[in-house]
Student: 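Got a structure here, written out as structure tokens. Questions coming.
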There are 2 protein chains.
Amino acid sequence: MDTNQISLICKALSDPNRLQIIQLLTCGDQCGCDLLERMQITQPTLSHHMKALEGCGLVSSVKKGKWNHYSLNRDQWTAFRDYIESIRAACKEEGGCCS
Amino acid sequence: MDTNQISLICKALSDPNRLQIIQLLTCGDQCGCDLLERMQITQPTLSHHMKALEGCGLVSSVKKGKWNHYSLNRDQWTAFRDYIESIRAACKEEGGCCS
DNA sequence: ACTATACATTGATGATTGTCAATATGATGT
DNA sequence: ACATCATATTGACAATCATCAATGTATAGT
């Protein structure tokens with residue numbers, strides 16, 4: 001995953017409401033109305049945020065009847081997490097990774 | 001670390017230039033002019049980005065003579081990484097974490 | 001004192017963002 | 001057909017952002 005993609009994911013996570021949505025989805029799929037009940041925003045605002053989360057690939061949605069089932073996209077999240085884990089601070093002080 | 005703090009860090013990482021700065025600092029402390037040489041932005045813009053990275057606690061700076069030595073703040077980065085790692089997708093499919 | 005270097009600040013500009021009210025779409029049940 | 005529920009879209013607004021040119025402020029070397 002390249003730097004631009006990572007920055008897009010970080011932008012999607014840069015809003016507390018969207019972070020809360022991610023946390024709620026941690027417990028499994030949820031529809032929009034369930035998310036809405038647990039948050040302090042209006043329905044259009046939620047729709048806006050879901051679009052942002054889908055746009056960077058973190059969340060997928062499947063329409064089932066009236067409802068949209070949102071879920072965390074495990075692969076995308078793992079790729080993001082791997083990138084974050086790959087950042088190691090001040091290697092210089094630990095033996096060095098660069099010449 | 002609470003959700004608001006995490007979102008501030010993500011906002012700081014939501015710009016490709018700032019992500020590049022973080023990567024450059026991975027190899028150890030660097031001064032502003034070194035960073036500037038490796039990037040495609042002007043000096044005021046770099047100064048602006050460094051302020052953003054310091055503002056969320058990801059980067060620390062120490063003035064030594066003419067130079068500012070920037071370094072990744074290991075503790076803050078670790079706390080952020082721990083939060084990201086704590087997010088696990090769709091526990092429902094793995095035994096469930098919620099009732 | 002003078003010059004050069006490293007960095008910060010200011011001011012301006014165009015772009016993006018988060019939010020909501022209003023409205024539209026689309027599916028379900030009666 | 002009609003009413004209801006879930007969600008999307010539009011339009012508007014204030015706020016924030018990324019960027020740069022110009023300028024200011026130190027510090028170091030001569």
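Bear in mind the structure is a predicted one, so any value in this text is a computation, not a measurement. Reminder, nothing fancy here: chain letters follow the sequence lines and each chain counts from 1.
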Student: Just call it for B:K11: base, sugar-phosphate, or nothing, with non-hydrogen atoms closer than 4.0 Å on any strand.
Tutor: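 Counting heavy atoms under 4.0 Å across all strands, the contact made by B:K11 is with sugar-phosphate only.
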Student: So if I take every side-chain heavy atom of B:K66 and compare against D:dT7, C:dA8, D:dT27, which nucleotide ends up nearest?
Tutor: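 For B:K66, the side-chain atoms sit closest to D:dT27.
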Student: Below 4.0 angstrom, which residues in residues 37-56 of chain B have at least one non-hydrogen atom near DNA chain C?
Tutor: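 Result for residues 37-56 of chain B: B:Q43, B:P44, B:S47, B:K51, sorted by number.
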Student: Write down the atom of B:S7, the atom of A:L19, and the distance for their closest heavy-atom approach.
Tutor: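 Shortest heavy-atom contact: N-CD1, 3.6 Å.
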Student: Measure from the side chain of B:D15, starting at C-beta and using heavy atoms only, and say which of C:dG18, C:dA6, D:dT19 lies closest.
Tutor: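 Of the candidates, D:dT19 comes closest.
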Student: Provide, to the nearest angstrom, the distance between the NZ atom belonging to B:K63 and the P atom belonging to C:dA6.
Tutor: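 Spelled out: NZ on B:K63 to P on C:dA6 is 12 Å.
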Student: Got a sec, which residues hit side chain to side chain contact (heavy atoms under 4.5 Å, CB included) with B:Q20, two or more places apart in sequence or on another chain?
Tutor: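 By the side chain to side chain contact (heavy atoms under 4.5 Å, CB included) rule, B:Q20 matches B:N17, B:L24, B:M39.
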Student: Whole angstroms only, please: what is the CG-P distance between B:L8 and C:dG18?
Tutor: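 Between P of C:dG18 and CG of B:L8: 13 Å.
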Student: Once rounded to the nearest 0.5 Å, what's the spacing between atom CD1 of A:I41 and atom CZ of A:R18?
Tutor: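 Atom-to-atom, A:I41:CD1 and A:R18:CZ are 10.0 Å apart.
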Student: Could you check how far CD1 of B:I21 sits from P of C:dC7, rounded to whole Å?
Tutor: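 These atoms are roughly 12 Å apart.
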Student: To the nearest 0.5 Å, what is the distance between NZ (B:K66) and SG (B:C31)?
Tutor: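 Those atoms lie 10.0 Å apart.
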Student: C:dT19, OP1 or OP2 - any side-chain N/O from A:N17 closer than 4.0 Å?
Tutor: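 Yes, such a contact exists.
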Student: Nearest to the side chain of A:C33, heavy atoms from C-beta on, is which of D:dA6, C:dC7, C:dA6?
Tutor: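 It is D:dA6.
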Student: Tell me which nucleotide among D:dT27, D:dT7, D:dA18 gets nearest to the side chain of A:N68.
Tutor: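 Selected nucleotide: D:dT7.
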